[in-house]
Visitor: 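Next up is a structure, given as structure tokens.
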Amino acid sequence: MDGNGRWAEARGFDRSTGHREGAKAVRTIVTRAREKGVQVLTLYAFSTENWRRPKREIGQLMTLLTEFLLSERTTLLKNQIALRAIGRPADLPKSVTRLLNALMADTANNAAMTLNLALSYGSKAELVDAFESLRKQGGPIDENRIEDALQTRGQPPVDLLIRTGGEQRLSNFLLWQAAYAELVFTQTLWPDFNSDHFDAALDEYGCRERRFGKTGAQMQGATP
Ligand code: FPP
């Protein structure tokens with residue numbers, strides 16, 4: 001969800017206005033993803049590196065997150081959306097963690113879609129934690145065991161990764177899970193990213209040939 005700051009600065013607003021508009025886009029895209037039958041939507045809301053931002057901006061983001069957790073409760077319940085946090089949510093202010101835990105518990109059995117909020121998330125930290133827990137358990141390590149040790153356990157690998165805001169990098173996001181993801185980079189700044197942009201990314205994904213190491217002919221069943 002990149003580009004909130006630039007969206008605001010281009011209009012002469014404080015960066016927090018960009019984040020507030022960004023939170024509106026979150027609502028739009030969660031709703032659209034649910035309508036389109038997306039199984040899992042993961043939003044990179046706050047990275048481990050984002051703690052380096054000015055205290056004031058971090059505080060504003062925590063306020064927005066609190067408002068989101070309070071205001072979207074009914075929508076998540078009504079639309080059968082399960083909320084899950086990945087990252088180190090315990091790093092967040094206690095008031096946010098409490099709200100988050102309560103909403104995760106209340107929506108845990110919702111089966112139509114899972115909304116992962118990546119909060120104080122860093123893929124390298126997640127992998128370190130996973131490897132450390134496997135080391136403690138002992139035994140041979142394989143891909144399935146690593147997947148089960150990640151915070152996304154039980155979820156499918158990432159099919160499509162969309163980055164808004166014009167940058168073309170992964171920024172420590174789901175590095176393992178996105179190993180075979182299709183990448184869509186768009187110049188659109190996150191606050192401007194709407195249902196049409198989301199649909200266009202899904203359409204682009206639909207046109208990609210995913211080969212997973214095989215040849216095109218093999219994927220089409222023409223050769224074994
Ligand atoms: C990146 O844009 C965005 C963030 C670090 C925060 C994203 C947060 C929200 C969209 C709102 C709160 C979240 C929820 C789930 C309600 P940037 O600030 O790096 O933008 P820039 O690259 O233009 O500076």
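Just so you know, ligand 1 is whichever comes first in the structure, and atom 1 is the first atom listed for that ligand. Since the structure is predicted, the reported quantities are computational estimates derived from the model, not experimental observations.
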Visitor: Name all pairs fulfilling the salt bridge (Lys or Arg N to Asp or Glu O under 4.0 Å) condition that reach into residues 58-71, sequence neighbours left out, sorted by first residue then second.
Guide: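 Qualifying pairs: R20-E67.
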Visitor: Pairs in or reaching into residues 76-88: which pass salt bridge (Lys or Arg N to Asp or Glu O under 4.0 Å), with residues at least two apart or in two chains?
Guide: R88-D129
Visitor: So that I can tick it off, tell me whether R163 and E167 are bridged by a salt bridge, with the cut-off set at under 4.0 angstrom between side-chain N and carboxylate O.
Guide: no
Visitor: Please say whether more than 12 non-hydrogen atoms of neighbouring residues, nucleotides or ligands are located less than 6.0 Å from CD in E143.
Guide: no
Visitor: Which residue pairs pass the salt bridge (Lys or Arg N to Asp or Glu O under 4.0 Å) test with at least one member in residues 184-201, sequence neighbours excluded?
Guide: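 Those involving residues 184-201 are R32-D199.
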Visitor: Mind jotting down which protein residues get a heavy-atom contact under 4.0 Å with ligand 1? Chain and number order, please.
Guide: M1, D2, G3, N4, G5, R6, R15, H19, G22, A45, N50, R53, L61, F68, L117, W190
Visitor: Does a salt bridge link E147 with R153, judged by any charged N lying under 4.0 Å from a carboxylate O?
Guide: no
